[in-house]
Amino acid sequence: LLLVFHTDQFGSIIDLPQSDFLFFIFFVEKMGEWAELGMIIRIYWSLMLGNVVEWYEFTAYGYQAKYMKANFFSGSSVGVWLGFACTFLARPLGAFVLGWIGDRWGRTVSVNISIIGMLVGTVGQGCLPSQNCGIPWLANLGLIVLVILRFIQGLCAAGEIGTISTYLTEVSSKSIISRGISLVYITAMVGFLCAKFMVFILEAGLGESAMAAWGWRLPFIFALLPGVTAVIGRRALPESGMFLEEKANNSKAVDVSVVEKFKQVLTKYWINILVGIGCTGAYGVLCYGVGVWIQSFLASSGLSSGDRMLADLISRIVGIFSTVMFGWAADKYGVFFVLALGTVATMVLSLPLWILIAADPTSFVPVMLGYSIGFGLLQPWCGALTYHFDVELFPTEVRNTGMAFTFNVAFAIFGGAAPVIALESAEASWLGPGIFYVLGGALSFLTMSLAFYLERKGKIQLSSVRRNPYYGPLGYDKGIPPPKVMEDNDSMSDDGISSKGTSQADFASEANKAKANKA
């Protein structure tokens, strides 16, 4: 606009070479993208705060594993991690129910239910009777209620992750979708960091004996204030325009019962679900097999609490800043291409990084290099982009349900079992956890390779929101146009993508026609 006003004739730039003018336009465009990202944060701040609180609450248990072990599980390490894993059993159910609510009544309804349920489950854990109460039946009741509250947390966390990913996808412009969804990972990392910082401060101020006796309750109870703030802020969230448009134009597809939605997702998009589950495997293993379990491993190995805190702090900071870089790369080169590189990096680097850590777990420098920096980069590389990859697999009318169900089934399988598998593999062999991390990366890489092949054959559509960029340098078969798995009466968007899916046979027919035309 400034250039237009500084002209002697309309459209004629004063003394401005063409190359400088083009650079200026490029600069304004790119600054506009980052400004839009800032606008999303300002408008949807309660969504971000709620996600921070949700992941703070969810991981406070893991960071206090040794206290929970003493207070509820009679000193059993396996027991405390099974208590952690029980939340993952609830995630598929919570994903489907809250995802269905988000697809039928709106994304805002779903995120409000999830944050309220999470608060109840978390604050309730801080009020339970433990084995220190001296009354056996009351202690047993406390254990039972703990499992129930953890189950509630799993239900709500599952709905939160699916809905917030869908929400940010639908309110972001196509040029910044990956960076928009990366806010999910960034705020989750902030939640992890806050939980760790809270436990560290309380341990330093109260001492481990007081923490074991009663201080472990405080991190759960302190979640109440920011949680209530997020609940109040979310009441004013605007609904996703993409959802409102879909509801207005295709109300029959939106207003269906939970049973019908379940049948629709499983029968029509079962291939998409399997692809999403496999591609999420690396993230689930890295998130809980590394991000949570290694902290417990370092504590049992004798690394000081101060060094553990600093190592985790560096890891989260590396994760937060690198997430922005990976989000930008996915917006430029395509989420499929950048995520595929992340799975390859996980396969290649996980074992050397684990060897670096396990060789001397009481020394800060190798722990910092292996855990804080090495795995600190691999986690957001696979994690932040997995949200975008899974969201793209489903059209608008089933996006919330499909993404939430896919992601949380994967986390129930890989993330929930990761700490237990890492613990058992470490007891079997000192290389065990490193091999486990490599297998997680290999599973995701092989699944993405198969998905790439299936889309080329016309069996699946991987991108329902932004087709270009998607594969990046991998490209697409020049003889086959971008896939069109959609209804015959569907309308297409500018980049060849529709919000409604169709039969696999229709898509295969389109691909065959394209091959015939090329011949």
Side-chain angles (χ1 to χ4, degrees), residues 36-59 91 94-95 98-99 102 107-108 110-112 114-115 118 156-173 176-195 230 233-234 237 240 242 276 279-280 282-284 286-288 291 316 319-331 335 338-339 342 379-394 399-400 402-408 410-411 415 465-466:
E36 182 187 350
L37 192 64
M39 180 187 68
I40 289 175
I41 295 173
R42 289 194 301 272
I43 296 175
Y44 301 100
W45 65 268
S46 60
L47 205 64
M48 310 302 148
L49 176 61
N51 201 47
V52 171
V53 173
E54 294 242 11
W55 289 103
Y56 164 88
E57 296 165 344
F58 196 72
T59 54
R91 291 182 76 136
L98 289 175
R107 320 311 192 196
T108 56
S110 184
V111 294
N112 278 288
S114 68
I115 188 65
M118 199 72 172
C156 297
E160 171 79 4
I161 201 67
T163 306
I164 190 175
S165 299
T166 301
Y167 208 138
L168 289 173
T169 299
E170 295 178 348
V171 300
S172 301
S173 67
I176 65 162
I177 288 179
S178 292
R179 278 169 285 183
I181 301 181
S182 70
L183 294 172
V184 178
Y185 187 87
I186 290 173
T187 51
M189 288 300 99
V190 173
F192 277 113
L193 188 59
C194 289
R234 287 188 177 193
L237 279 175
S240 158
M242 197 176 293
C279 291
T280 308
Y283 179 30
L286 290 172
C287 184
Y288 292 102
R316 303 305 172 187
I320 289 171
F321 284 97
S322 62
T323 296
V324 178
M325 177 184 69
F326 293 130
W328 169 84
D331 282 329
V335 64
V338 181
L339 179 57
Q379 287 186 66
W381 197 344
C382 292
L385 301 183
T386 296
Y387 297 115
H388 184 185
F389 182 88
D390 288 350
V391 167
E392 287 272 9
L393 291 172
F394 303 96
R399 182 171 296 136
N400 201 159
M403 188 279 172
F405 183 75
T406 299
F407 184 88
N408 286 286
F411 257 48
V465 181
R466 185 181 69 187

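In what follows, every heavy atom counts, from backbone to side chain, and hydrogens, waters and symmetry copies are set aside. Nothing fancy with the numbering, it's 1 onward along the sequence.
To the nearest 0.5 Å, atom OG1 of residue Thr169 and atom NE2 of residue His388 are 6.0 Å apart. Interatomic distance, Tyr185 OH to Ser322 OG, rounded to the nearest 0.5 Å: 7.0 Å. For the atom pair CD1 of Ile176 and CD1 of Ile181, the computed distance is 10.5 Å after rounding to the nearest 0.5 Å. Note that OG1 of Thr323 is 11.0 Å distant from CZ of Arg316, once rounded to the nearest 0.5 Å. In this structure, the separation between CG on Asp390 and OG1 on Thr406 is 6.0 Å, given to the nearest 0.5 Å. Rounding to the nearest 0.5 angstrom, the gap separating the CD1 atom in Ile115 from the CG atom in Leu47 is 10.0 Å.
Two residues are said to be in side-chain contact when any heavy atoms from C-beta on lie closer than 4.5 Å; Ile186 and Val324 meet this criterion. Using a 4.5 Å cut-off on side-chain heavy atoms (C-beta onward), Met189 and Trp55 make no contact. Residues Arg399 and Val465 have side chains in contact (heavy-atom distance under 4.5 Å, counting atoms from C-beta outward). Phe394 has its side chain out of reach of Asn400: every pair of non-hydrogen atoms, C-beta onward, lies at least 4.5 Å apart. In this structure, Asn51 and Glu160 have side chains that are in contact, with non-hydrogen atoms separated by less than 4.5 Å.
Taking each heavy atom of Cys156 and Ser114 in turn, the nearest pair found is CB-O, 3.3 Å. The shortest non-hydrogen separation linking Phe326 to Leu385 is O-CD2, 3.8 Å. Considering every non-hydrogen atom in both Val184 and Ser165, the closest pair reads CG2-OG, 4.1 Å. Contact record, Thr280 with Ala410: CB-CB, 3.5 Å, taken as the closest heavy-atom pair. For Ala95 against Ala158, the heavy-atom pair with the smallest separation is N-CB, 3.5 Å. A pairwise comparison of heavy atoms in Gly102 and Arg107 identifies O-NH1, 3.1 Å as the closest pair.
Taking the six-membered ring where the residue is Trp, Phe407 and Tyr283 present tilted rings, their angle falling between 30° and 60°. Taking the six-membered ring where tryptophan is involved, the planes of Phe411 and Tyr288 are perpendicular, since the angle between them exceeds 60° and thus also 30°.
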Under the side chain to side chain contact (heavy atoms under 4.5 Å, CB included) rule, what do Asp331 and Arg466 come out as? Steps first, then yes or no, please. CA-CA 10 Å; Asp331 282 329; Arg466 185 181 69 187; 2.7 Å; yes
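Trp328 places no side-chain N or O within 3.5 Å of a backbone atom of Ser178 that could act as its donor or acceptor partner. When atom types are taken as modelled, the side chain of Ser110 and the backbone of Gly99 share no donor-acceptor pair closer than 3.5 angstrom.
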